[in-house]
*Asks:* 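Got a structure for you, questions after.
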Amino acid sequence: MRRILGPRFFRRDALTVARALLGKFLVRRVGRKETALMITDVEAYLGLEDKASHASRGKTKRNAPMFAAGGRWYVYFTYGMHWILNAVTGPEGHPSGVMFRGLEGLQGPARLTKALRISKRQNDTPIARATGLWIEDRGVRVPKSRIKRGPRIGVDYAGDWAKKPYRFKLL
DNA sequence: ACGATGATGAAC
DNA sequence: TTCATCATCGTA
């Protein structure tokens, strides 16, 4: 069983998508080489009201991809040296997304983009095979008992929003 | 604990 | 135009 996830999967609220992404496979093709790794750690970033989200300050040149309909990549640069991968979720005009924090055997949002050679070239492109970066359901079932929810990392400045359990980790 | 390293956005 | 901040990581 191997199914490529399309736009419909992503056009739901970020929390639902984040939860559903655990156990799916992020697939990257570079030249003839294909790498598929199971998704094990993600964080949901909600709409304009989520103070931890880039979208909370309104639409800017950087976060514009988040305002599109779900099913696209939002890849941004931070700390002067890191690229961070996000899947845009929700309907058009409702900026939200899911950040990829860890894959099987590859922990760290900036480490996984480096390993898979993901950078601004993937920003604002569709989550599809044609992009060279897509997501597959390979039939892995993830029971609730294997999921640990907790607060998101590195968002202490976000007040009440920093404490919300929007991180989903596969144990 | 902290430096690397530069884009971003808000203030001025 | 300046400046603090930053969805991080590696080294100490």
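Values reported hereafter were calculated over all heavy atoms of this structure, with side chains retained and with hydrogens, waters and symmetry mates removed. Quick note on labels: first sequence line is chain A, next is B, and so on, each numbered from 1.
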*Asks:* For residues A/K24 and A/I135, report the shortest heavy-atom separation together with the two atoms involved.
*Replies:* CB-CG2, 3.9 Å
*Asks:* When the nearest nucleotide of DNA chain C is assigned to A/V155 and to A/K114 on a heavy-atom basis, which residue is associated with the more 5' position?
*Replies:*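 The residue mapped nearer the 5' terminus is A/V155.
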*Asks:* Can you run through DNA chain C from 5' to 3' and write each base as (, ), [, ], | or . depending on how it pairs? Watson-Crick or G-U wobble, both distances under 3.5 Å.
*Replies:* ||||||.||||.
*Asks:* For nucleotides 3-11 of chain B, just jot down a letter per nucleotide in 5' to 3' order: B, S or -, based on protein non-hydrogen atoms under 4.0 Å.
*Replies:* -BBBSSSS-
*Asks:* Could you pull out the closest heavy-atom pair between A/A87 and A/I127, with the gap in Å?
*Replies:* CB-CD1, 3.8 Å
*Asks:* Give me the distance, rounded to whole Å, that separates C/dT2 from B/dT5 when you measure between the P atoms they each carry.
*Replies:*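 Comparing P positions in C/dT2 and B/dT5 gives a spacing of 23 Å.
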*Asks:* With a sphere of 6.0 Å drawn around NZ of A/K114, does it hold more than 12 non-hydrogen atoms of other residues, nucleotides or ligands?
*Replies:* no
*Asks:* For A/D124, which residues count as a side-chain hydrogen bond (donor to acceptor under 3.5 Å, both in side chains) partner, sequence neighbours excluded?
*Replies:* A/R72
*Asks:* Taking all non-hydrogen atoms of both residues, which atom of A/M66 and which atom of A/G97 are closest, and how far apart?
*Replies:* CE-N, 4.1 Å
*Asks:* Report yes if some heavy atom in the side chain of A/L133 is under 4.5 Å from a heavy atom in the side chain of A/L26; otherwise report no.
*Replies:*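 Yes - at least one pair of side-chain heavy atoms lies under 4.5 Å apart.
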*Asks:* For DNA chain C, which nucleotides open and close the run of contacts to chain A, 5' to 3', at under 4.0 angstrom from a non-hydrogen atom?
*Replies:*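 Contact boundaries, 5' end first: C/dC6 to C/dG10.
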*Asks:* Would you say that more than 12 heavy atoms from the other residues, nucleotides or ligands in this model lie under 6.0 Å from the CZ of A/R117, or not?
*Replies:* no
*Asks:* Below 4.0 angstrom, which residues in residues 83-94 of chain A have at least one non-hydrogen atom near DNA chain C?
*Replies:* A/I84, A/N86
*Asks:* Within the 4.0 Å heavy-atom criterion, would you say A/A52 contacts the bases, only the backbone, or no part of the nucleic acid?
*Replies:* base
*Asks:* Is the shortest heavy-atom distance from the side chain of A/F9 to the side chain of A/V17 under 4.5 Å?
*Replies:*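 A/F9 vs A/V17: side chains touch.
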*Asks:* Can you name the side-chain hydrogen bond (donor to acceptor under 3.5 Å, both in side chains) partners of A/E104, sequence neighbours left out?
*Replies:* none
*Asks:* Does a side-chain heavy-atom distance below 4.5 Å link A/F67 with A/L48?
*Replies:* yes
*Asks:* State, with a plain yes or no, whether a side-chain heavy atom of A/Y45 is found less than 4.5 Å away from one of A/R152.
*Replies:* yes
*Asks:* Restricting to ring pair (Phe, Tyr, Trp, His ring centres under 6.0 Å), what partner residues turn up for A/F77, sequence neighbours left out?
*Replies:* A/W83
*Asks:* For DNA chain C, what residues of residues 14-28 of chain A have any heavy atom nearer than 4.0 Å?
*Replies:*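 DNA chain C contact set from residues 14-28 of chain A: none.
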*Asks:* Check DNA chain B against residues 119-128 of chain A and give the residues with a non-hydrogen atom under 4.0 Å, in numerical order.
*Replies:* none
*Asks:* Kindly write out the residues that satisfy ring pair (Phe, Tyr, Trp, His ring centres under 6.0 Å) with A/Y76, not counting sequence neighbours, or none if the list is empty.
*Replies:*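 So A/Y76 forms a ring pair (Phe, Tyr, Trp, His ring centres under 6.0 Å) with A/H54, A/Y74.
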*Asks:* Check whether any side-chain heavy atom of A/M38 sits under 4.5 Å from a side-chain heavy atom of A/L170, and report yes or no.
*Replies:*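 With C-beta onward as the side chain, the pair touches.
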*Asks:* Distance from A/Q107 atom CD to A/D41 atom CG, nearest 0.5 Å?
*Replies:* 5.0 Å
*Asks:* Quick one: are A/R138 and A/V27 in side-chain contact, heavy atoms under 4.5 Å?
*Replies:* yes
*Asks:* Can you list the residues that meet the side-chain hydrogen bond (donor to acceptor under 3.5 Å, both in side chains) rule with A/S53, with sequence neighbours excluded?
*Replies:* none
*Asks:* Quick one: salt bridge (charged side-chain N to carboxylate O under 4.0 Å, His left out) pairs with a partner in residues 3-23 of chain A, sequence neighbours left out?
*Replies:*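 Listed once each, the pairs are A/R3-A/D137.
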